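Only one structure is covered here, and it is reproduced in the block below.
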4 protein chains.
Amino acid sequence: MLEGLISPSKTSILDAAEKLLGKYGYAGLSMRELAEECGLAKATIYHYFHDKQAIVLSVLERDMSRIRASTVAAAAQEENCIEKLRAVIQTHYVMTRERHAMIINVIREINGLEPHLQELKRKHMAAYYSPVVKIIEDGIAQGLFRPVNVEMTVFSLFGMIHSFVAHCMLTDEAESGDDFVDHTLSLLLYGINQDGASTETLNSEDVVFSQSHPHESVKHAA
Amino acid sequence: MLEGLISPSKTSILDAAEKLLGKYGYAGLSMRELAEECGLAKATIYHYFHDKQAIVLSVLERDMSRIRASTVAAAAQEENCIEKLRAVIQTHYVMTRERHAMIINVIREINGLEPHLQELKRKHMAAYYSPVVKIIEDGIAQGLFRPVNVEMTVFSLFGMIHSFVAHCMLTDEAESGDDFVDHTLSLLLYGINQDGASTETLNSEDVVFSQSHPHESVKHAA
Amino acid sequence: MLEGLISPSKTSILDAAEKLLGKYGYAGLSMRELAEECGLAKATIYHYFHDKQAIVLSVLERDMSRIRASTVAAAAQEENCIEKLRAVIQTHYVMTRERHAMIINVIREINGLEPHLQELKRKHMAAYYSPVVKIIEDGIAQGLFRPVNVEMTVFSLFGMIHSFVAHCMLTDEAESGDDFVDHTLSLLLYGINQDGASTETLNSEDVVFSQSHPHESVKHAA
Amino acid sequence: MLEGLISPSKTSILDAAEKLLGKYGYAGLSMRELAEECGLAKATIYHYFHDKQAIVLSVLERDMSRIRASTVAAAAQEENCIEKLRAVIQTHYVMTRERHAMIINVIREINGLEPHLQELKRKHMAAYYSPVVKIIEDGIAQGLFRPVNVEMTVFSLFGMIHSFVAHCMLTDEAESGDDFVDHTLSLLLYGINQDGASTETLNSEDVVFSQSHPHESVKHAA
DNA sequence: GATGAATGAGTATTCATTCAT
DNA sequence: AATGAATGAATACTCATTCAT
């Protein structure tokens, strides 16, 4: 939020740590490499952070609040619940890619090491997921969506996004992700079952995957 | 396949490595700890495997072929495409939990280190996803499912499963996962959109998440 | 001597050890690599030799007796003391190169580790140097050579040879060594001092080194 | 040169490494033992040097420049070419003994491992040999020496010295080396051939070797 | 605010060697 | 005669961290 008040050294440490965490994960992050990356001496880092874990937690907090802010802002620009969902998928996809899908993995790694941090992270995740929960709850209240288990649905949605980001990083495909957004929104809304309601709005083509299925995706469905 | 022919020491190394990889990931896996865990001397491990990476690759191969075998077997026991999907979700969920969601993370870690292993892993993943691709393609051919992008859909489905497993491991909730299977199958089939076709079959309750949404899930829908 | 009576496995071990000692020295010789090189299992090597040191000593003994035999044989083919010296230089140069100057280095390495082996090695070296000692002593007795300290002179001569071999191995120059033999014999006989007796017999050219000094070397001087 | 500016820890590492290299060679030099010898923790050594090879190269560079400096200084104190040669032999002999004849062996060992270091070492050796090359070239220009191949001759000379040092270390004889210097200078100047010019100046006795040859050596021959 | 120096405990890996078969 | 399996001790090197300056 008020990053202007944070010392530039601290910021450079967090930036470097974010980059290296994305590459190597928590256990693979070396303080020596971190020092080299941010241009400070190793000892200087300990002037700003108590230990390695504190750095990583700071990175996670900063990233989470940024992602949350971006997600909220993106959703706020849309009126319609469905368009809000599209905005969320798009934003979350982009930000996750930028962070090299770091967060999910780092959390899991830290978690294995530090059981007492679970609650802290659960809170973070609640804050993280809650904007999307709100959107779906609103949709249900408006009669747009059926009364699904909202929390579970949000997990599912984020799972789809992360899975796709992971796949892209594995294969180094650098596409825009538009097709992914269309596919994911369509799947989230209508599923794969054949019924009259959903198919009539489908009309785009896919280029990402080999087997083309021309009828996939929903373009700005109302 | 023919594990009976493999020496017990080798098996014990792989077993221990599988366990520790689930806990700590690739970088966090220590050869000292592995030796303790499998009851052999450190040097003995190197009698069976060239290096740490070779161990981890063996674990991954073994797990992948096991998961694939289980998934295929589970699906083969069902006639109906939808029931096949349910079986896949159930099996994959259970096996992923047993392996502490290890595979996806380890692959990503290794991948960061060894660019030339990408192709190998892509092949593995193809084999891994292909049974599910087949089911959905059959469903589409039978007119049961709409013509979605199948490969993308499979990614989405596995993403949902992995995400949920990760969440459960984070919170140490040890439920059976039945609710999860119902939710996921329902979401995959119908999405969240409100329409006449899907809502009438919903009738179960959720205990997993705090906010209860009584109408979620599809029980053995045909 | 009677190598026909030695088992082929034992011979292959010694051959492999000789090769690797030349490459890596004593400390750098690994039993694993030795086993690979000679095509036997590590444990099999211990069937033939008590330990690593015993192997190396066997190699040294074998090489030394071979070099001694070759040197003696080469000298025996010549009548003249000077021609005997030329033969010795030539033979010793070739055999040292073939063994990658191994012996001198290995002896020094072992010596650092095993003080009680000194006497053994002194005996070996005495046997090793004695043929040349004999030649020079004969030359002195015949009034051909001046009464130098023979033992020291032999050390000097072998020093020159080893130094040149080391230089050639360092620079990977693969010359025949004829120039070297001429140079060394000339230096040994006449030194560098300018006087009437020696210069008149010099008539060959040098190609080995950059600065050419056309008057170097003695061709079959009588 | 400016060793006063180098940290005492770094110097103590190099000193210890020089000592151990002389004893055990490159492969036999253990970082653990080095740490013990210089009184620092293993990890501290890596604060000053990137790896073992860097340490050894530093030792070699330091020793080579020291030997070169001493050799040049010793030669500069003499007017006469022959006396310069005597000074060089004396100095080189002493310094090589002090370093346990380490350099030649270490270079050969490293060279086997690192082909791309050859050129570096050739340069070093050029600088190392060049002072002596200069002396002999001057002697030839002055008509004192016959026109031998100078570079080869320098190799031969250093070979004699190193060989003798090695012999002394093997037998732990701790003599002053005066006899050796006389012998070597005499051999270098006049060789062993019987002729009028050289014998008349010989008049000393040898104690180093068993067989005494009373007429060896040149005492300050002009 | 920043760092060079230092370290104990750790890393993955290799060592020479033994032994039951 | 030959070896697969096993190991304690060593290898070079890195770790996160501290502290005096």
Side-chain angles (χ1 to χ4, degrees), chain A residues 7-10 12-13 26-35 38-56, chain B residues 7-10 12-13 26-35 38-56, chain C residues 7-10 12-13 26-35 38-56, chain D residues 7-10 12-13 26-35 38-56:
Chain A
S7 90
S9 289
K10 195 160 188 172
S12 75
I13 293 168
Y26 179 79
L29 168 64
S30 137
M31 295 300 282
R32 175 183 54 73
E33 205 174 355
L34 176 57
C38 72
L40 294 169
K42 256 187 300 176
T44 310
I45 296 176
Y46 286 87
H47 189 73
Y48 291 99
F49 295 95
H50 179 65
D51 59 7
K52 182 177 164 180
Q53 203 165 227
I55 298 170
V56 173
Chain B
S7 90
S9 290
K10 193 161 190 172
S12 76
I13 293 168
Y26 180 78
L29 167 63
S30 142
M31 297 299 283
R32 176 186 52 75
E33 204 173 356
L34 175 58
C38 70
L40 293 169
K42 255 186 300 175
T44 309
I45 297 176
Y46 286 88
H47 184 68
Y48 291 98
F49 295 96
H50 179 67
D51 60 7
K52 183 176 163 180
Q53 203 166 229
I55 298 171
V56 173
Chain C
S7 89
S9 289
K10 194 160 189 172
S12 75
I13 293 168
Y26 179 79
L29 167 64
S30 137
M31 297 298 283
R32 176 184 51 73
E33 204 174 356
L34 175 58
C38 71
L40 294 169
K42 256 187 299 173
T44 310
I45 296 176
Y46 286 87
H47 189 72
Y48 291 98
F49 296 95
H50 179 65
D51 59 8
K52 180 177 164 180
Q53 204 165 227
I55 299 170
V56 174
Chain D
S7 91
S9 289
K10 194 162 189 171
S12 75
I13 293 169
Y26 179 78
L29 166 64
S30 141
M31 296 300 284
R32 175 187 52 75
E33 203 174 355
L34 175 57
C38 71
L40 292 169
K42 253 187 302 174
T44 309
I45 296 176
Y46 287 89
H47 184 68
Y48 291 98
F49 295 95
H50 180 65
D51 58 8
K52 182 176 163 179
Q53 202 168 228
I55 298 171
V56 173

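Just so it is clear, the structure is predicted and the values come from calculations on it, not from any experiment.
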Minimum heavy-atom separation for [X] to [Y], with atom names?
X: Tyr46(B); Y: Asp51(B); result: CE2-CA, 4.0 Å
X: Ala35(A); Y: Ala41(A); result: CB-C, 4.1 Å
X: Gly28(B); Y: Ala27(A); result: N-CB, 3.8 Å
X: Ser12(B); Y: Cys38(B); result: O-CB, 3.5 Å
X: Lys42(D); Y: Met31(D); result: CG-O, 3.9 Å

- prompt: Separation of Phe49(A) atom CZ from dA16(F) atom P, in whole Å?
  reply: 15 Å

Considering only nitrogen or oxygen atoms on both sides, find all protein atoms under 3.5 Å from nucleotides 9-12 of chain F and state each distance.
from    : atom 1 : to       : atom 2 : distance (Å)
dT11(F) : OP1    : Ser30(D) : OG     : 3.0
dT11(F) : OP1    : Arg32(D) : NH2    : 3.4
dT11(F) : OP2    : Arg32(D) : NE     : 2.7
dT11(F) : OP2    : Arg32(D) : NH2    : 3.4
dA12(F) : OP1    : Leu29(D) : O      : 2.7
dA12(F) : OP1    : Lys52(D) : NZ     : 3.2
dA12(F) : OP2    : Met31(D) : N      : 2.8

- request: Could you tell me whether the side chain of Ile55(C) reaches within less than 4.5 Å of the side chain of Leu29(C), counting heavy atoms only?
  value: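 A side-chain contact under 4.5 Å is absent here.
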
query: Nearest nucleotide by nearest heavy atom, which residue falls closer to the 5' end of DNA chain E, His50(C) or Tyr48(D)?
result: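 That would be Tyr48(D).
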
message: Could you measure the distance from the OH atom of Tyr26(A) to the CD atom of Gln53(A)? Nearest 0.5 Å is fine.
response: 4.5 Å

query: Distance from Ile45(C) atom CD1 to Arg32(C) atom CZ, nearest 0.5 Å?
result: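 Taking CD1 in Ile45(C) and CZ in Arg32(C), the distance rounds to 11.5 Å.
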
query: So how far off straight is the helix from dA2(E)-dT21(F) to dT21(E)-dA2(F), going by the axes through five pairs at either end, to 10°?
result: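 Inter-axis angle at the ends, rounded: 10°.
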
- prompt: First and last nucleotide of DNA chain E in contact with chain C, 5' to 3', at under 4.0 Å to a heavy atom: what are they?
  reply: dC15(E) to dC19(E)

task: Side chain of Ala41(B) only, please: which of dA1(F), dG8(F), dT3(F) is the nearest?
output: dG8(F)

field: side chain to side chain contact (heavy atoms under 4.5 Å, CB included) against Tyr48(D), all qualifying residues, sequence neighbours excluded
entry: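 Side chain to side chain contact (heavy atoms under 4.5 Å, CB included) check on Tyr48(D) returns Ser7(D), Ser9(D), Lys10(D), Ile13(D), Thr44(D).
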
